[in-house]
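Structure first, commentary second.
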Amino acid sequence: GMGAMDPETLISKKNSIKGAITRLKILNLLTLMLIAAKVKFFPLLLEEEGISASEIGVILGIGSIAQLIATPLWGVLFDLFHHSALVLGFGLACWALLVQAFSIKNLLKLHPVVYGSIYALLMGTEASISLVDTMSASFAAKSKDDTYGEARWLASLGFGLGCVFSGYFIETFGFSSLFLWSIVFGISAVCASFALETVAREHTNTEASPWKNKENKSKIPLSSSLINLLMNCIGYGNLICLVDVIVVLHIQQAHSISKTFIGILSLIGTTSEIPVFYYSQRLIKTFKRQGSMFCACVSMCIRMIILAIMSTIESPNIMLFSLLILQQCFHGMALAPYFSAAVDKIDTITKSESKGKLMGLLLMCFFPLGWALGSVFWGYIYETFGSFWVYTLGCAVSLAVAVHAFVSSCFI
């Protein structure tokens with residue numbers, strides 16, 4: 001009959017889920033280490049080729065638009081396709097191969113259209129990595145009754161470590177090591193995704209699986225609250241682009257800060273995410289989603305004020321490095337409470353059948369669309385008015401995002 005499972009079957013099922021969680025975390029670690037070098041140092045590669053800040057913004061914006069288009073498609077595939085880990089493995093392999101194209105010297109000057117097209121394809125495959133990061137963490141959290149933030153910490157650590165080590169190799173051996181890095185960790189991540197395939201197929205018909213189900217035809221439950229949430233995420237993603245791209249360009253151009261130190265700053269930032277992500281659900285329970293979002297916006301505003309002060313320092317000194325480290329310590333509080341509140345909101349307004357689509361839509365607004373607008377906008381502001389006004393305006397935008405969230409009640 002269909003009675004309760006016997007103890008041995010229940011223990012076997014729990015052990016299987018535990019193994020899936022471990023493999024998912026390892027996969028997240030490897031994929032975030034894989035893309036860390038490209039995310040953090042690709043703008044510097046463009047700068048080395050003589051590209052201006054506004055032009056770098058346009059190039060990154062083109063890639064973000066491609067990611068914008070690709071993200072919901074990956075979300076649909078993950079909801080409908082049984083062999084989702086193999087789909088991810090294909091995306092990872094394509095990403096690692098496409099990165100190699102940028103090792104060709106003067107590719108942008110010789111063939112700008114080809115350059116832009118390859119970068120667009122690269123960002124299209126990177127969309128699969130971004131989505132599986134959140135979906136895997138969500139699966140792990142639901143499976144063991146933990147929160148998204150508690151499942152997310154290893155990915156944060158992987159990104160920070162990837163920035164430090166890749167920064168050191170680029171500093172020591174040049175940008176050729178960026179391409180070698182993508183091959184080594186690309187192969188590792190693809191192998192990890194294939195190792196996950198058996199587990200993904202085994203759990204494909206369980207409610208815990210983010211890849212459920214093959215015959216899903218549910219629609220995304222659009223509402224004014226959801227639309228306002230997505231708009232708010234676009235605004236906040238715009239700010240994340242500022243601190244991840246413009247700050248790196250600024251300190252490299254103004255002070256020739258070493259890439260190893262840039263990597264260390266990234267590790268400080270991602271390390272600061274870990275405790276905040278881990279306890280984010282408690283923060284949401286205590287202050288509600290609105291309060292969690294507000295904490296993030298205030299932290300972002302403080303970070304912008306520190307950066308504005310830092311931008312007035314003309315030469316590298318202990319004050320400059322201290323302010324850089326201090327603002328990076330606010331990274332966790334500026335990102336984790338906001339993103340966790342947005343994910344929690346998605347969990348409350350959608351059924352498991354459409355979670356992949358809606359999570360893809362959330363990521364589409366937060367990263368590619370927010371980054372596309374931010375890359376072009378902040379690149380122009382930086383080149384035209386300078387770094388001080390970038391950070392001053394960034395502070396105003398962070399407050400505007402908080403006001404919009406409260407007025408629209410999109411986090412309630």
Side-chain angles (χ1 to χ4, degrees), residues 27-51 55-56 58-67 69-71 73-74 85-133 158-159 161-194 244-245 248 252 259-260 262-263 266 367-368 371 375:
L27 178 60
N28 272 321
L29 174 71
L30 291 172
T31 52
L32 267 292
M33 289 189 75
L34 170 65
I35 68 172
K38 175 261 169 188
V39 171
K40 188 59 65 175
F41 299 110
F42 189 75
L44 300 184
L45 174 63
L46 294 177
E47 185 202 20
E48 192 175 78
E49 293 189 9
I51 310 302
E55 290 173 332
I56 290 174
V58 171
I59 291 171
L60 296 180
I62 290 172
S64 295
I65 291 172
Q67 192 175 10
I69 296 170
T71 298
L73 298 179
W74 286 107
L86 293 180
V87 174
L88 172 63
F90 175 74
L92 288 167
C94 290
W95 187 94
L97 289 173
L98 286 167
V99 169
Q100 307 310 308
F102 299 101
S103 63
I104 302 173
K105 291 293 183 182
N106 298 318
L107 177 64
L108 178 59
K109 295 177 181 178
L110 294 174
H111 305 285
V113 175
V114 174
Y115 192 99
S117 300
I118 294 173
Y119 187 68
L121 289 172
L122 175 69
M123 293 303 293
T125 57
E126 189 171 307
S128 67
I129 302 172
S130 301
L131 181 61
V132 82
D133 165 43
F159 188 86
L161 290 174
C163 288
V164 171
F165 290 120
S166 63
Y168 170 77
F169 288 131
I170 292 171
E171 189 78 37
T172 307
F173 304 106
F175 277 102
S176 59
S177 58
L178 170 64
F179 308 112
L180 180 61
W181 177 276
S182 65
I183 288 291
V184 172
F185 278 91
I187 293 172
S188 301
V190 169
C191 290
S193 68
F194 289 163
D244 276 353
V245 176
V248 173
Q252 181 72 17
K259 297 175 182 63
T260 304
I262 291 173
S266 297
F367 291 108
W371 272 60
S375 297

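Bear in mind that the values here come from a model prediction, so they are computed numbers and not experimental data. Each residue takes its place number in the sequence, starting with 1.
- The number of heavy atoms from other shown groups lying within 6.0 Å of CZ (F179) is above 12.
- In this structure the side chain of M123 never reaches within 4.5 angstrom of the side chain of I65, judged on heavy atoms.
- Annotation for L27 and A192: closest pair CD1-CB, 3.9 Å, computed over non-hydrogen atoms.
- Between F41 and L44 the shortest side-chain heavy-atom distance falls below 4.5 Å.
- Taking both residues in full, the closest heavy atoms of K40 and S266 are given as CE-OG, 2.9 Å, listed atom of the first, atom of the second, then distance.
- Side-chain contact between W95 and I35 is present, with heavy atoms from C-beta onward closer than 4.5 Å.
- With ring centers used as reference points, F102 lies 6.0 Å or more from F175.
- A heavy-atom distance below 4.5 Å is found between the side chains of L122 and Y119.
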Task: W371 vs D244, side chain to side chain contact (heavy atoms under 4.5 Å, CB included): CA-CA, chis, key distance, verdict - done: CA-CA 10 Å; W371 272 60; D244 276 353; 3.6 Å; yes
- [ ] Could you check Q100 against S182 for side chain to side chain contact (heavy atoms under 4.5 Å, CB included), going step by step and ending with a plain yes or no?
- [x] CA-CA 8 Å; Q100 307 310 308; S182 65; 2.6 Å; yes
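- Within the 4.5 Å cutoff, side-chain heavy atoms of L60 are placed close to those of I56.
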TODO: Evaluate the criterion side chain to side chain contact (heavy atoms under 4.5 Å, CB included) for residue pair L46 and Y115; output intermediate values, then yes/no.
DONE: CA-CA 11 Å; L46 294 177; Y115 192 99; 2.8 Å; yes
